[in-house]
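Report on one structure; see the data block that follows.
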Number of protein chains: 2
Amino acid sequence: MRRSIATVCLSGTLEDKLDAAAAAGFDGVEIFENDLIASPRSPERIREHCADLGLAIELYQPFRDFEAVGPQTLARNLRRAERKFDVMERLGTATMLVCSSVSPETVDDDDLAAEQLHTLAERAGRRGLRIAYEALAWGRFVDTWEHSWEIVRRGDHPALGLCLDSFHILSRWDSGTGGADPARIAAIPGEKLFFLQLADAPHLNMDVLQWSRHHRLFPGQGAFDLTAFTAAVLDAGYRGPLSLEVFNDVFRQSAPDRAAVDAMRSLVALEESLATRPAVTSRARAALASPPPPAPELAGLAFTELAVDGESGHQVARALAALGFAHIGEHRSKPVQLWQQGQARILLNAGAERATAVSAVAVESADPERSAQRAEALLAPRLPRTTGPAEADLSAVSAPDGTAVFFCRTGAGEQGWLGDFILTGTVPSTPAGLTHIDHVALAQPFDHFDEATLFYRAVLGLDPRHDSESAAPFGLVRNRAVTDPRGRVRIALHGAVLRRGSWAPGVPDPQHVALATGDIFACARAMRARGAPLLSIPDNYYDDLDARLDLDPALLAALRECHVLYDRDEHGELFHCHTEVLGDRVFFEIVQRHGGYAGYGVPNAPVRMAAHRAARR
Amino acid sequence: MRRSIATVCLSGTLEDKLDAAAAAGFDGVEIFENDLIASPRSPERIREHCADLGLAIELYQPFRDFEAVGPQTLARNLRRAERKFDVMERLGTATMLVCSSVSPETVDDDDLAAEQLHTLAERAGRRGLRIAYEALAWGRFVDTWEHSWEIVRRGDHPALGLCLDSFHILSRWDSGTGGADPARIAAIPGEKLFFLQLADAPHLNMDVLQWSRHHRLFPGQGAFDLTAFTAAVLDAGYRGPLSLEVFNDVFRQSAPDRAAVDAMRSLVALEESLATRPAVTSRARAALASPPPPAPELAGLAFTELAVDGESGHQVARALAALGFAHIGEHRSKPVQLWQQGQARILLNAGAERATAVSAVAVESADPERSAQRAEALLAPRLPRTTGPAEADLSAVSAPDGTAVFFCRTGAGEQGWLGDFILTGTVPSTPAGLTHIDHVALAQPFDHFDEATLFYRAVLGLDPRHDSESAAPFGLVRNRAVTDPRGRVRIALHGAVLRRGSWAPGVPDPQHVALATGDIFACARAMRARGAPLLSIPDNYYDDLDARLDLDPALLAALRECHVLYDRDEHGELFHCHTEVLGDRVFFEIVQRHGGYAGYGVPNAPVRMAAHRAARR
């Protein structure tokens with residue numbers, strides 16, 4: 001099926017938007033009227049430019065407040081429509097979106113609405129154009145998909161059909177505020193479905209118009225079940241474009257080329273979920289492009305690479321040694337050190353471009369090459385590897401936050417990535433008790449939080465979990481983790497809710513690598529004895545723990561002594577402590593999970609952030 | 001009355017917040033528990049620091065989920081409270097805020113709630129402490145002020161009283177979702193009102209908890225009638241602090257010193273409105289500090305000063321000449337040119353620090369010195385003036401956006417500001433038909449939009465109008481104007497809804513000076529004949545005007561020919577056209593108002609912005 005995007009999803013002028021949509025591989029666009037009006041190019045010139053870019057103009061939108069009005073208003077509205085038909089003919093587009101009226105002039109009369117839409121469709125049909133009628137969730141009288149379908153049915157004209165918009169339908173269905181079960185869309189004759197607009201959104205308890213205009217997301221970034229919804233539309237026989245229409249305050253100001261790639265990735269992932277969901281009929285499935293290769297099983301984090309420069313390299317190396325890591329290898333051709341403790345491996349790369357940051361994350365894949373092919377099918381740029389004669393051909397792609405994601409098999413003998421290193425030491429018997437990497441926490445740029453979540457989720461085949469917001473000292477922070485079902489690969493994403501200014505740091509929080517232990521107190525004592533730069537936590541925090549949780553006094557004393565933070569939920573407990581920030585923006589966390597605790601100690605993050613600030617003053 | 005602010009209003013660590021509150025002149029603070037918990041300082045050290053800063057600790061908050069629970073939970077909650085009383089004694093603060101419970105463990109039993117709060121108050125009273133009980137708007141069973149008062153009344157303990165929070169009360173009263181008329185608060189015995197928290201907010205149709213946590217504003221920045229509310233509380237006999245408690249995503253990340261000044265300005269303005277509102281009783285009024293001097297009448301904009309550098313100075317001067325301005329004077333001691341047409345005066349200042357921007361706005365005041373005194377009372381920093389022997393002592397203050405605001409009397413003969421200029425030419429007989437400055441449009445930094453509105457409104461004694469949002473090519477833009485009732489002084493503020501990144505310009509829109517004419521078509525033709533750099537508007541815009549409004553064909557042709565934009569509302573019509581952007585970020589607008597149109601053509605702004613971008617490509 002053709003893939004399309006509404007110009008309103010993207011930032012910039014019409015020309016910026018068209019270029020971005022074409023570069024991301026879309027087959028077509030919906031032209032949002034305001035974008036055309038503000039363009040210095042004539043409709044003919046826009047038509048040519050789209051043709052040059054390989055973009056069909058799938059829809060012209062929106063035409064508002066048309067139906068169920070008195071005769072004088074009808075005459076004015078038909079005149080207005082004819083002028084817009086002129087524009088459409090010049091653009092070379094056949095379908096016009098007509099939204100259900102919100103005007104005080106409209107009356108509650110389905111027959112009148114149907115009759116007037118019939119008249120409009122008759123005028124459109126004479127020109128070879130057609131009308132796609134859509135129920136806005138806040139339409140004055142027509143505000144559900146089944147009501148718009150009833151009017152289209154009564155209107156009974158071959159040039160009159162429905163436009164279905166997932167937001168208008170699912171916002172009301174999911175919140176229980178109206179509309180019939182979207183599964184029943186499958187019963188509509190396919191030839192009456194003229195257009196399908198797709199948007200996701202988080203569940204918000206707010207005015208539906210404001211929710212729609214500001215908070216839509218690309219499919220897979222929100223809470224709606226777009227797979228089931230789209231499956232119903234395909235089952236009905238719809239074979240027009242899958243078209244994204246997302247109003248979002250952030251996308252409105254983000255670089256359009258990136259946003260268009262994010263949009264396309266969301267469509268590919270949606271198509272994959274359609275292609276692999278058992279309930280989707282084979283007839284519907286046949287209409288879709290072949291999906292990306294399925295995600296191979298992931299067995300854990302093979303290593304994390306930190307970019308360092310001369311000074312921070314020494315600082316991080318000293319800290320690793322104090323945490324009980326041993327420097328056991330040197331890369332054959334690059335200035336990269338391998339440090340290890342238990343199965344936790346850290347690479348220090350002094351040749352990277354980014355100073356003191358998590359520069360790469362490596363996942364253990366059952367099939368690294370297939371993982372990389374999947375990533376490419378999901379629009380992840382493959383990273384070029386300059387491989388020397390003795391070096392493994394590690395597959396890697398670049399994530400939206402700039403982190404390199406490697407796919408590897410550590411146990412693959414000669415062919416494994418460890419073969420790239422000359423081993424100069426042996427792995428010590430975990431002197432501080434660290435066993436493996438629990439998770440990596442990556443700070444996301446403000447504009448790209450939802451893009452990053454979709455990227456890691458779709459490319460690695462993980463599930464998003466633990467969405468939360470915390471009030472940190474310098475502003476609100478969003479947190480979301482993506483993990484596999486067994487919790488062996490955990491990537492924690494965090495970012496500012498609003499872009500920061502000069503007072504508050506632009507990145508609210510450094511990135512970090514969390515290391516797992518089975519005994520955090522022994523671990524913390526051993527590390528402190530070795531001179532590790534562990535972070536001090538205020539006494540006030542422990543007084544509050546005592547007030548809130550009435551912990552065993554011995555446990556409380558140990559937490560206080562070792563500067564260990566504590567969290568618990570209905571599944572279990574978390575104990576965690578941290579190093580100070582090393583270089584600009586990296587630190588290590590030590591975590592011990594008890595029971596089924598699967599979170600990240602987010603309630604403690606503000607305390608940790610304030611402690612980090614105090615330590616740097 | 002004492003002025004206080006909750007630490008949760010401000011960004012940073014507890015130390016940053018206390019310093020900012022003291023510097024802005026607050027008498028006290030509410031300490032938000034999370035700020036204390038994250039502080040490395042002991043309660044004793046915080047107490048000392050506050051004493052050094054001259055800050056009383058007026059309240060410790062919040063204590064959650066206490067009342068109407070089973071005996072085991074009650075025992076746990078009392079233990080928790082005793083630990084917090086320990087902290088309060090160490091801090092030296094007497095009052096603890098207890099919020100109505102949201103816990104699933106609480107039951108709907110007012111007598112039980114009252115009895116348990118009595119027990120808590122008894123424990124507090126033994127230590128010389130007291131309990132201020134507050135109904136959260138989303139409390140499980142207690143969610144209105146009158147319900148919390150009923151429980152406090154039944155609880156009947158001298159150490160048990162009410163905390164009233166304007167947000168919790170007015171959010172529900174204004175939206176008609178619950179609560180008794182806040183005017184009835186005046187009937188509560190004053191000694192039972194232990195604390196008053198003040199917050200404003202815009203009217204939003206959303207979940208009240210999210211509204212409260214993210215969108216509160218300082219008094220006068222939102223839509224609530226805080227004057228009437230506060231008057232009722234004062235009438236009841238409350239004489240404790242007026243304390244601000246504002247949860248706001250932007251303030252959470254803005255520089256705390258600035259936010260604290262903004263907060264203090266809002267309190268001074270609120271106190272002024274209390275002191276001058278006839279319905280406020282003299283008993284209540286006597287409790288307030290004396291208000292700032294009343295705002296003198298303003299008669300218009302005397303001049304606008306543009307900062308220019310060498311290159312932009314020539315460019316702006318050429319444009320002014322083409323717009324029909326004459327260069328009629330030179331400042332006696334500074335590199336400042338005076339340009340005039342009709343009563344519109346533009347100063348070009350080549351000695352200013354800001355390159356190509358609106359650097360100053362001068363208002364005609366009936367009493368410039370009183371205007372300046374009022375501004376200072378409202379925390380506007382007075383600008384130092386280096387006045388030479390022949391120069392008028394112009395009073396000026398600095399606005400939050402960095403614009404200098406001058407107060408002057410142009411017709412004051414020898415003492416007037418025109419005396420500072422050596423007149424080298426004569427005012428021409430309005431060759432292009434411009435009569436005066438209609439308005440000045442100032443771009444506001446993202447973090448400071450609400451601060452700026454309050455500043456211009458309070459300092460100049462203007463009213464905020466025409467609040468709107470528009471979808472501009474690079475992101476959403478907020479617009480709000482402040483004007484006097486007769487429309488003689490109009491300042492239009494605009495700013496990005498979200499801080500922009502590297503793709504979209506940080507300031508979405510340049511600043512501009514709008515010049516009034518009685519005949520825009522003659523004006524535009526004369527200017528074009530003189531070579532003015534007028535902005536071209538796309539044909540598509542006029543095609544849409546035709547479709548929408550069915551204008552007289554001759555009018556439409558004239559608009560199209562002259563590149564004039566058109567807007568109308570129920571009061572009248574606006575015709576406007578623009579120059580291209582001069583230098584970095586200044587342009588001129590020509591406006592003609594018909595009938596009672598009092599707006600700013602905001603619907604046309606996206607078209608104008610796209611045209612400006614096209615012109616610069």
Side-chain angles (χ1 to χ4, degrees), chain A residues 8 11-14 16 33-34 36-43 76 79-80 83-84 86-87 204-207 210 249-250 252-256 445-447 471 473-476 496-504 536 538-541 543-544 546-548 550 606-607 609-611 613-614, chain B residues 8 11-13 16 33-34 36-43 76 79-80 83-84 86-87 204-207 210 214 249-250 252-256 445-447 471 473-476 496-504 536 538-541 543-544 546-548 550 606-607 609-611 613-614:
Chain A
V8 75
S11 184
T13 61
L14 181 60
D16 297 321
E33 181 165 275
N34 293 23
L36 176 100
I37 289 169
S39 172
R41 298 189 184 180
S42 67
R76 273 202 307 277
R79 178 186 177 282
R80 176 162 60 99
R83 296 288 76 73
K84 296 301 175 183
D86 295 344
V87 172
L204 294 172
N205 180 4
M206 67 188 298
D207 177 62
Q210 297 300 324
D249 294 358
V250 174
R252 278 188 192 281
Q253 63 165 44
S254 305
F446 166 72
D447 288 356
F474 296 100
L476 296 176
V497 168
L498 294 175
R499 190 192 304 279
R500 304 293 167 78
S502 55
W503 153 255
S536 294
D539 259 347
N540 298 335
Y541 170 81
D543 292 346
D544 179 63
D546 179 32
R548 282 194 291 125
D550 198 10
V607 174
M609 290 180 199
R613 174 152 200 253
Chain B
V8 75
S11 184
T13 61
D16 297 321
E33 181 166 274
N34 293 22
L36 176 100
I37 289 170
S39 172
R41 298 188 185 182
S42 68
R76 274 202 305 277
R79 178 187 176 280
R80 175 161 60 100
R83 296 287 77 72
K84 297 301 174 184
D86 295 344
V87 173
L204 293 172
N205 179 5
M206 67 189 297
D207 178 63
Q210 296 300 324
H214 299 281
D249 293 357
V250 175
R252 278 188 193 279
Q253 63 164 44
S254 304
F446 165 72
D447 288 355
F474 296 101
L476 296 176
V497 167
L498 294 175
R499 189 194 302 280
R500 304 292 167 80
S502 55
W503 153 254
S536 293
D539 258 349
N540 298 336
Y541 171 81
D543 292 346
D544 178 63
D546 179 32
R548 283 195 291 124
D550 197 10
V607 174
M609 289 181 198
R613 175 152 200 252

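Only a predicted model underlies this, so the values are computations on that prediction, with no experimental measurement involved. Note on naming: letters A, B, ... go to the chains in the order of the sequence lines (proteins, then strands), and numbering restarts at 1 for each one. Hydrogens, waters and symmetry mates play no part in the numbers below; they use all other heavy atoms, side chains included.
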Pairs of heavy atoms under 4.5 Å with chain A: top-ranked of B:A610, B:P40, B:A255: B:A255
Which atom of B:F446 lies closest to which atom of B:L498, heavy atoms considered: CE1-CA, 3.5 Å
Region of A:V8 in contact with chain B, defined by heavy-atom distances below 4.5 Å: neither
Greatest number of heavy atom pairs closer than 4.5 Å to chain A - which of B:R83, B:Q253, B:M206, B:R252: B:Q253
side-chain contact (heavy atoms from CB on, under 4.5 Å) partners for A:D544, two or more places apart: A:R548, B:E33, B:I37, B:K84
B:S11 vs B:D16 side-chain heavy atoms within contact, under 4.5 Å: no
Max heavy-atom pair count under 4.5 Å with chain A, selected residue of B:A611, B:S536, B:P473, B:A471: B:P473
Structural part of A:D249 lying under 4.5 Å from a heavy atom of chain B: both
For chain B, the option from A:L14, A:L36, A:V250, A:N205 that forms the most heavy-atom pairs under 4.5 Å: A:N205
Which atoms of B:D546 approach chain A - backbone, side chain, both or neither, heavy atom under 4.5 Å: both
Choice from A:S502, A:S39, A:P606 maximising heavy atom contacts with chain B below 4.5 Å: A:S39
Option in B:L204, B:V607, B:D550 with maximal non-hydrogen atom pairs under 4.5 Å from chain A: B:D550
side-chain contact (heavy atoms from CB on, under 4.5 Å) involving A:P43 - partner list, sequence neighbours excluded: A:V87, A:R90, A:L91, B:N540
Pair B:R499 + B:D447, salt bridge at N-O below 4.0 Å: yes
Distance (rounded to the nearest 0.5 Å) between B:F474 CZ and A:T13 OG1: 6.5 Å
Taking every non-hydrogen atom, the tightest pair across B:G12 and A:W503: CA-CZ2, 3.8 Å
